[in-house]
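Each remark here refers to the structure printed beneath this line.
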2 protein chains.
Amino acid sequence: MLGTPTSSRIAARREATQREILAAAWDAAREQGVAQLTLRDVAERVGMRPPSLYSHFASKHAIYDAMFGQGWAAYLEACRATRPSLPPEPRARLRAIAHQYFDYSVADPAWFQLLNQRLVPGFEPSAESYAPSLAVIEILREEMEEMGITDAAAMDLWVALVGGLVASQLANDPGGGRYRLLLDRAVEMYADHVGLPLGTTHRAEEENS
Amino acid sequence: MLGTPTSSRIAARREATQREILAAAWDAAREQGVAQLTLRDVAERVGMRPPSLYSHFASKHAIYDAMFGQGWAAYLEACRATRPSLPPEPRARLRAIAHQYFDYSVADPAWFQLLNQRLVPGFEPSAESYAPSLAVIEILREEMEEMGITDAAAMDLWVALVGGLVASQLANDPGGGRYRLLLDRAVEMYADHVGLPLGTTHRAEEENS
DNA sequence: GTCTATACTGTGATAGAC
DNA sequence: GTCTATCACAGTATAGAC
């Protein structure tokens, strides 16, 4: 029966249901926090009884895992979509990358918490769900390589710097813009440090605002 | 009866028990994670039944709150103790401050998670428990002021930078030293940015290793 | 595949005896 | 202050009818 129109339609229906469940899980996570996610809540949102979720996901962690993969896949897609329109000048390019990540995270703190912090108890993503995150890192590596930054440590420093600003924004000034205002300055500091050539006037550009 | 030897001894006994409970809570948090802390576990460690804890703390959040205050008070004490022996040269001084915070956090991730991340569900520290944290910030402000860094935004940038490195270390390389190796480099980057005068040779000094 | 019903565990928290 | 007993509830998971 495998591969027949019928089974493929069934499979499609199954996938659609899974996506629906995941969408409900994201909604719940955004409203109450990632760690506060409950199967009861998710089930209610999709019009199911909690046990029915087990027809689609083996456990709550499996849902987290799928969310993790889906979240990184979505950001990967956003990166790929934005890439062609990034400004060519290195500093402006770095600024645009930083702003994209920062704004994406602040617009969806649940996304940042699940994917980039360790906010869920004993959750470890599976290799499959981890893959898109590696693809994002690879894109970043390519971008930096094109700027002449080939040092792996320099990339770690970049990630820690931008991640630290996002985390500070969410923890110390949620809903505000205190750390977002520091973003251009932080990028400039980093660019100076890695020896990027000075760009043209830039503070006013704000590619991703 | 208030103020008599008897009542003060009783009060002292009470305080001792509270400290014992908090110590047990820290032990439990370090072993299983701050968010996984349970009253049962804490009670068992102090040889009590769980309900008895309510004679000393009004709720689980009250325990978190006391831990928060105690944790910042301990770090404040460490800061004050270290301060006289900090190197006078600005860059070396900044390096020492960064290393102290970094190593303190990495040595006790539970401390970092409770005090500096938002790892506990709906926990918000009380004003009283928050006070020692403000004192730490004030010390940092004074330190930076003496170096000529009076910009509040520059302090935010510092906190985000060092915090980002600690968080990355704990999340991406627990038990390792990948981000710790970046610390001196990050401090140098920051010092250049804020225009600190160049120090003498420093990479080899490692004041707080 | 989805439902109802149920089981089991663990949680923070309270009441009242001693 | 500490205990026993118990609550109310959330959480994950399974069995079996439809």
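Lettering follows sequence order; numbering is per chain, from 1.
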Worksheet item: Expressed in angstrom and rounded to an integer, what is the separation of L37(B) atom CG from dG12(C) atom C1'?
Response: 12 Å
Discussion item. Rounded to whole Å, please give me the gap between CD in Q18(A) and P in dG1(C).
Written reply: 9 Å
Discussion item. Between W72(B) and Y130(B), is the ring centroid distance below 6.0 Å?
Written reply: no
Fill in: Length of the line joining K60(B):NZ and dT14(C):P, which is rounded to integer Å
14 Å
Fill in: Nucleotide nearest R14(A) when distance is taken to its side chain, options dT2(C), dG11(D), dG1(C)
dG1(C)
Worksheet item: So, Y190(B) side chain and L157(B) main chain: donor-acceptor pair closer than 3.5 Å or not?
Response: no
Fill in: Between dT14(D) (C1') and R49(A) (CZ): distance, integer Å
18 Å
Response to the item:
Between OH of Y64(B) and P of dA13(C) the distance, given in whole Å, is 11 Å
Discussion item. Rounded to whole Å, please give me the gap between CD in E20(A) and P in dT2(C).
Written reply: 10 Å
Fill in: Side chain proximity check, I149(B) to W158(B), heavy atoms < 4.5 angstrom
no
Discussion item. Rounded at 0.5 Å granularity, tell me how far CD1 in I137(A) sits from SG in C79(A).
Written reply: 10.0 Å
Worksheet item: Starting at the 5' end of DNA chain C, which residue's closest nucleotide do you reach first, S55(A) or P51(A)?
Response: S55(A)
Practice prompt. Report which part of the nucleic acid I63(B) touches: base, sugar-phosphate, or nothing (heavy-atom distance under 4.0 Å, all strands).
Written response: nothing
Worksheet item: Could you give the CD-to-P distance, from Q36(A) to dG12(C), as a whole number of Å?
Response: 14 Å
Worksheet item: For S59(A), which contact category applies under a 4.0 Å heavy-atom criterion: base, sugar-phosphate, or nothing?
Response: sugar-phosphate
Item to complete: Output yes when a side-chain donor or acceptor of Q169(B) lies under 3.5 Å from a complementary backbone atom of Y179(B), and no otherwise.
Response: yes
Practice prompt. Round to the nearest Å and state the distance from L39(A) atom CG to dT14(D) atom C1'.
Written response: 14 Å
Practice prompt. Verify the contact: side-chain N or O of H61(B) to OP1 or OP2 of dG12(C), cut-off strictly under 4.0 Å; return yes or no.
Written response: no
Item to complete: Kindly say whether, by distance alone, the side chain of R40(A) makes a donor-acceptor pair under 3.5 Å with the base of dG11(D)?
Response: yes
Response to the item:
Per atom distances to the Y54(A) side chain, the nearest of dT14(D), dT2(D), dT2(C) is dT14(D)
Worksheet item: Given dA13(D), dC3(D), dG12(C), which nucleotide is nearest the side-chain atoms of S52(B)?
Response: dC3(D)
